[in-house]
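Working notes, structure below.
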Number of protein chains: 2
Amino acid sequence: MNKYYFEHSIRNMKKQATIKDIAKRLNVSISTVSRALKNAPDVSNETKASILAVAEELHYQPNRLAVSFRVKQTNTIGVIVPNLDYVLATMVKGIDEVALEAGYTVMVCQSNESFGREVLNTSRMLQSLVDGLIISVSSETKTFDHIKKFQERDLPIVAFDRIVPEIIAPNVILDNEYGGYIATDHLIQQGYRNIAILAGPKNLGISNARMDGYLKALKENNLKVDPKNIIHCDFNQDYAYFATKELLKSKNRPDAIFTISDRMAIGAMIAIKEKGLTMPTDIGLIGFNNEPMLSLLTPTISSIEQPMFEIGKMAAKIFIERLHSEESAITTEVLKPILLIRESSKRKLI
Amino acid sequence: MNKYYFEHSIRNMKKQATIKDIAKRLNVSISTVSRALKNAPDVSNETKASILAVAEELHYQPNRLAVSFRVKQTNTIGVIVPNLDYVLATMVKGIDEVALEAGYTVMVCQSNESFGREVLNTSRMLQSLVDGLIISVSSETKTFDHIKKFQERDLPIVAFDRIVPEIIAPNVILDNEYGGYIATDHLIQQGYRNIAILAGPKNLGISNARMDGYLKALKENNLKVDPKNIIHCDFNQDYAYFATKELLKSKNRPDAIFTISDRMAIGAMIAIKEKGLTMPTDIGLIGFNNEPMLSLLTPTISSIEQPMFEIGKMAAKIFIERLHSEESAITTEVLKPILLIRESSKRKLI
DNA sequence: TACGAAACCGGTAACGGTACCGGAAATTTC
DNA sequence: GAAATTTCCGGTACCGTTACCGGTTTCGTA
């Protein structure tokens, strides 16, 4: 009746064979069994063989929990992502790929872009002793004590995709500035001159980086920056729609739009169509991420593709290296995106 | 020289405080501390308070690994999915939602549609003693020993989305037959009479169920079934494209197509456009899943929407109930999909 | 022959908690 | 005022495995 009462239901689990059972069966000590099982050198081949045989026979399965507890290592990597959209899911798949191969289990948690969730997840992971963390922080996250706790315990961290300077750890990211640059430069090469950018939330690192690329491309091509052409809005189709609608009202309307995500590009596309403008002749459009739907739309939409899978793999690779070495330089891996030209921005023949 | 290099090269694993430390500090026994920490009744309020205070002061964090090891319960749910596409990712989010709230941690693994991966994942999960499994099996999976191992250990299992009769466990699924039925019936109501179905792999449960719905709708409307109108092919845009191309060649070509996934619908759409036919006048089209892109295409494509989030939540809910009760009836929760009518199939005014 | 070094194996103390058992002190009951 | 309860707390045996410290045996070599 007490509410503190912790319920451990008594279920009749079929008892798993342990090294003790094997030892008893062969009249050897558990130490010998333990050593044999991990192929230690100081066990004769005969005993090793017989132990292996009995283990097989009893369907012995090592109790990872006991081992982890004993050696204080779980062989588990905690992965925290804000969500599992196309981009992040693919990155997680990359992490999974190399982690699995290296013998690690991956524990994926979604923070749902919520700081509270992120803290809860990290705390649970810390308690269950993951060996470290690969994280892409939520957009809400402004303080980092929950992450520093890992570092206090000397557990490695790798940040990827959405990174922040406050996390002192190896980073794996896209060259977002370069992405913004090639997108904008491409528009310029196609003859667009009055290029707007839908730049995402103001505080977010990737927003700023992509915008820096945009600015750089304008500058290199001696185009002046019009503040009215720089719109900050949420990563969101609807916001982008309204922002674009607004943009197109002005009499000096932009002749091309670069959106820093594909969802935003779609919002922009809808507004453009509503206005009766056609792409690419009246106006150019390019997105970011290259989500699969883009090539299905009319017109097909240009975009910047990031090597998502590789970013994930790289993050896991660096993480595992970090785990195995004492060295701990803070590196930043920057992967290059590539430009995919489709109908929405292709005004000139090549 | 990087200023962080120095900080990090020192491996000062700050030792975590344990209940032993708290006990020593207060000159009480560890049992008392243990009880106080879980708010057991047989500790006086004063000692309880002082223990809590010291715990706070030492930044005590319970070692979940030790507890799990001791009580043979990890408060972790293993979730295995074939991939993390839109549908499954949303379902996983549903699982996450209720699991987190109930104090469970979720461990998500992707089998990548590979049987070997699935076995590896289940085996790792079994070794690290998850409390049970919520699984959507891979399309490759034909044998189920790896899953039976959970049941031998009396660990609960819930199957969702992709279920198979060989797994004797509670199921949470979409009413796929109903989905197939309302899709087909809708086409018939719109005046289509020669309706083809792209039905997915032959052995897969959801394929067959959706096709059953298709057949039922035809029968109820006294339309005869033409075997040439039933095409089995992979869940895949390209296959669907070629299959549709083939279908449209015949002189008695179908006047509507029901594809059991949206990806297939897109393949079909491309073939239809290539042939110069227009939707919905010349031919009707309806997909399944209601992926977000459908409303962006021209024409917008009708589809069947499943309550993905609810399916995930339901699976987790049932799982947790199962965990807490000895009862073990094999139930099947069937959630209803809904019909979303868009341009591709709307030939009549309502 | 003897002696040191390998080679092989056993005993045991941890790891951090939990759960039971039992017992002393405080409180109630008759 | 003694007996019967409560209330509160300490002691201890685990859980499965590993790491360390020894101790035998075997074997090569002086």
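Values in this document were obtained by computation on a predicted structure and should not be read as measured data. Hydrogens, waters and symmetry mates play no part in the numbers below; they use all other heavy atoms, side chains included. Throughout, a chain's letter reflects where its sequence line sits, starting with A, and its residues are numbered from 1.
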Please determine which of B:Ile77, B:Val98, B:Ile95 meets the side chain to side chain contact (heavy atoms under 4.5 Å, CB included) test together with B:Tyr104.
B:Ile77
Mark yes or no for whether B:Thr76, through its side chain, and B:Val106, through its backbone, hold a donor-acceptor pair below 3.5 Å.
no
Should we say atom CD of A:Glu166 is surrounded by more than 12 heavy atoms from elsewhere, each under 6.0 Å from it?
yes
Please report, rounded to the nearest Å, how far the P atom of D:dT17 is from the CD atom of B:Gln127.
10 Å
Under 4.0 Å between a side-chain N or O of B:Thr32 and OP1 or OP2 of D:dG10?
yes
Is any side-chain N of the basic residue among A:Glu113 and A:Arg162 closer than 4.0 Å to the acidic one's carboxylate O?
yes
Could you check how far CD of B:Gln73 sits from P of D:dC15, rounded to whole Å?
17 Å
Side-chain N or O of A:Ser31 closer than 4.0 Å to phosphate OP1/OP2 of D:dC20:
no
Nearest-Å distance, CG (B:Asn63) to C1' (C:dA14)?
14 Å
For A:Leu65 and D:dT17, what is the distance between atoms CG and P respectively, to the nearest whole Å?
11 Å
Please give, in whole Å, the distance from C:dA19 C1' to B:Leu37 CG?
16 Å
Between B:Lys317 and B:Glu321, is there a side-chain N and carboxylate O pair less than 4.0 Å apart?
yes
A:Lys24 NZ to D:dT17 P: how many Å, rounded?
13 Å
B:Asp42 side chain: which of D:dC8, D:dG16, C:dG16 is closest?
D:dC8
Could you pick out which residue, B:Arg35 or A:Asn27, lies toward the 5' side of DNA chain C when each is mapped onto its nearest nucleotide?
A:Asn27
Counting just side-chain N and O atoms, does B:Ser44 come under 4.0 Å of either OP1 or OP2 of D:dC9?
yes
Would you indicate, yes or no, if D:dC9 has its OP1 or OP2 atom less than 4.0 angstrom from a side-chain nitrogen or oxygen of B:Thr47?
yes
Looking at the side chain of B:Arg70, which of D:dC15, D:dA19, C:dG11 is the nearest nucleotide?
D:dC15
Out of C:dC15, C:dT18, D:dT17, whichever nucleotide has its closest atom nearest the side chain of B:Ile30:
C:dT18
Are A:Phe69 and C:dC15 stacked, counting the six-membered base ring, centres under 5.5 Å, planes under 30°?
yes
Side-chain contact check for A:Val43: nearest option of D:dC9, D:dT17, C:dC9 is C:dC9
If I take atom CG from residue B:Asn39 and atom CG from residue B:Leu52, how far apart are they, to the nearest 0.5 angstrom?
8.0 Å
At under 4.0 Å, does any side-chain N or O of A:Lys38 touch on OP1 or OP2 of D:dT17?
no
Taking atom P of C:dC8 as reference, at what distance in whole Å does atom CG of A:Leu26 sit?
17 Å
Are B:Ser29 and D:dG10 close enough that a side-chain N or O sits under 4.0 Å from OP1 or OP2?
yes
Interatomic distance where CG belongs to B:Asn45 and P belongs to D:dT7 [whole Å]
12 Å
Can you tell me if the side-chain N/O atoms of A:Lys72 get under 4.0 Å from OP1 or OP2 in D:dT17?
no
